[in-house]
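Only one structure is covered here, and it is reproduced in the block below.
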Amino acid sequence: MFPTRCLILERKEMTEVRRTQLRKSRHSRLITFFLLLATAAYPQSLGKPALDIKLPLKDKSFRFAIIGDSGTGEQEQYDVAKELEAYRQAIAFDSVIMLGDNIYGGHEPRDFAQKFELPYKPLMDAGVKFYASLGNHDDPNIERLYKPFNMNGQRYHTFKKGDVQFYALDSTYMDPQQLKWFEQNLQSSSAKWKICFFHHPLYNDGKMHGPDLDLRSELTPLFKMYGVNVVFSGHEHAYERIKPEDDVYYFILGSSGKLARNDFHHSETRLTSYDRDRAFMIVEVAANDLYFQTVTRSGQTVDSGEINLRTPAKAASAGR
């Protein structure tokens, strides 16, 4: 009797275990079913919408990004950096030019960590190189020696990427020596595209700062004489695209960390502007064509278009 009773109890226990397993299996299948149903009904709810990419992404083109007045160490800078990395993954740019005011406030190692190394770590880990110009809030004696800024120990410098020769100028201290260096390097370059970037804008409709007229009188004759195509500046904490002057295209991007809302005067020279959020730019150069796109930290495209070496710029969209 005893062995028989044990056998019956074991069978009952095995039956309960199997029933429990079946219930769990049905529960798991129900969860999977409802997840699939929710995904079909709300496909965007389980992931971020696709990036809005206006660049054509042509074969063998050169792509780079632009940030200006970025080095605050605040959340908005980190938001821009995160969106910038998302676009890097999508379009594979390998360079970023910096339009000055790269490090606001102190210039201790902790400042460089908080205001540059941490926000842009994913970009640098992916091999992206940053090329800085100096702004009025920067310390030239420290930043020009900071290796990740790739300034080669100089206040102003030049480098070539594909068909593009870049000239990073120090617009805070524009002395005769720098002007002579700039003219010599413009004259000796055979690059198809000559792009200058520096902090203080030559043309600007912002209320906060406005244009630097003295700098304009010093630089624009050289631009015209030696065929500079595009100029990027910061300083004004907003975005603006100016009508071409003597076939030179001017962009202002000083809102990658700072922001000045409601910043612009009415002007006949302004093509478009945006002063409602932080932003960055992405650029693609392919033979005779340069494509640009301005993007906010939330991924909204506020301006885009094309510049051709033979024809005027064609605007695709405008933010204001």
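Excluded from the calculations below are hydrogen atoms, water molecules and symmetry mates; all remaining heavy atoms, backbone and side chain alike, are included. Along the sequence shown, residues carry numbers from 1.
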For [X], enumerate each residue passing the side chain to side chain donor-acceptor pair (under 3.5 Å) test, keeping only those at least two apart in sequence or located in another chain.
X: Gln165; value: Thr158
X: Asp79; value: Gln75, Arg297
X: Glu284; value: Ser61
X: Tyr87; value: none

Is the backbone N or O of [Y] less than 3.5 Å from a side-chain atom of [X], with the two atoms forming a donor-acceptor pair by type?
X: Glu236; Y: Met208; answer: yes
X: Ser256; Y: Gly68; answer: yes
X: Glu76; Y: Arg278; answer: no
X: Glu183; Y: Leu179; answer: no
X: Trp181; Y: His157; answer: no
X: His199; Y: Leu99; answer: yes
X: Asp138; Y: Asn102; answer: yes

State plainly whether one hydrophobic cluster holds both [X] and [Y], where clusters connect Ile, Leu, Val, Met, Phe, Trp and Tyr through side-chain heavy atoms under 4.5 angstrom apart.
X: Val231; Y: Tyr203; value: yes
X: Phe232; Y: Tyr250; value: no
X: Tyr131; Y: Leu145; value: no
X: Val228; Y: Leu309; value: no
X: Leu84; Y: Ile103; value: yes

**Request:** Would you please indicate yes or no on a ring centroid separation below 6.0 angstrom for Tyr156 and Phe182?
**Result:** no
**Message:** I'd like to know whether the aromatic ring centres of Phe166 and Phe64 sit less than 6.0 Å apart in this structure.
**Reply:** yes
Answer yes or no: does atom [atom1] of [X] have more than 12 heavy-atom neighbours from other residues, nucleotides or ligands under 6.0 Å?
X: Lys160; atom1: NZ; answer: yes
X: Glu117; atom1: CD; answer: yes
X: Asp247; atom1: CG; answer: no
X: Lys192; atom1: NZ; answer: yes

So do the side chains of [X] and [Y] get within less than 4.5 Å of each other, counting heavy atoms only?
X: Leu290; Y: Val230; result: yes
X: Leu186; Y: Tyr167; result: yes
X: Glu143; Y: Phe116; result: no
X: Tyr239; Y: Met281; result: yes
X: Leu134; Y: Phe149; result: no
X: Arg63; Y: Leu57; result: yes

**Asked** Please walk me through it: do Phe159 and Ile97 pass side chain to side chain contact (heavy atoms under 4.5 Å, CB included)?
**Response** CA-CA 11 Å; Phe159 57 95; Ile97 63 173; 4.2 Å; yes
Could you grab the distance from atom [atom1] of [X] to atom [atom2] of [Y], nearest 0.5 Å is fine?
X: Ser298; Y: Glu83; atom1: OG; atom2: CD; value: 7.0 Å
X: Leu55; Y: Gln293; atom1: CG; atom2: CD; value: 5.0 Å
X: Asp69; Y: Leu253; atom1: CG; atom2: CG; value: 8.0 Å
X: Asp101; Y: Ile67; atom1: CG; atom2: CD1; value: 11.5 Å

For residues [X] and [Y], report the shortest heavy-atom separation together with the two atoms involved.
X: Lys115; Y: Tyr120; result: O-CE1, 4.2 Å
X: Ala132; Y: Ala168; result: O-CB, 4.0 Å
X: Phe198; Y: Leu169; result: CB-O, 3.5 Å
X: Tyr226; Y: Lys194; result: O-NZ, 2.9 Å
X: Gly210; Y: Pro201; result: O-CG, 4.2 Å

**Request:** Could you tell me which residues satisfy ring pair (Phe, Tyr, Trp, His ring centres under 6.0 Å) with Tyr104, sequence neighbours excluded, listed by chain and number?
**Result:** His137
**Item:** Pi-cation contact, Tyr249 with Arg241 (under 6.0 Å, within 45°)
**Value:** no
**Request:** Taking atom types as modelled, find out whether Asp52 and Thr301 have a side-chain donor-acceptor pair closer than 3.5 angstrom.
**Result:** yes
**Prompt:** Do you see a donor-acceptor pair shorter than 3.5 Å between the side chains of Asn288 and Asn308?
**Reply:** no
**Criterion side chain to side chain contact (heavy atoms under 4.5 Å, CB included) on Thr172 and Arg155, from CA distance to verdict** = CA-CA 10 Å; Thr172 306; Arg155 292 190 297 114; over 6 Å; no
**Request:** Take Phe223 and Leu202, measure what side chain to side chain contact (heavy atoms under 4.5 Å, CB included) needs, and give me the verdict at the end.
**Result:** CA-CA 12 Å; Phe223 293 169; Leu202 308 187; 3.6 Å; yes
**Request:** Would you check, one step at a time, whether the test side chain to side chain contact (heavy atoms under 4.5 Å, CB included) holds for Phe130 with Met124?
**Result:** CA-CA 8 Å; Phe130 288 74; Met124 291 190 289; 3.7 Å; yes
**Message:** Salt bridge or not between Arg144 and Asp170? Use side-chain N to carboxylate O under 4.0 Å.
**Reply:** no
**Note: Glu85-Lys82 ion pair, threshold 4.0 Å (strictly below)** = no
**Asked** Asp139: what forms a side chain to side chain contact (heavy atoms under 4.5 Å, CB included) with it, not counting sequence neighbours?
**Response** His107, Asn141, Ile142
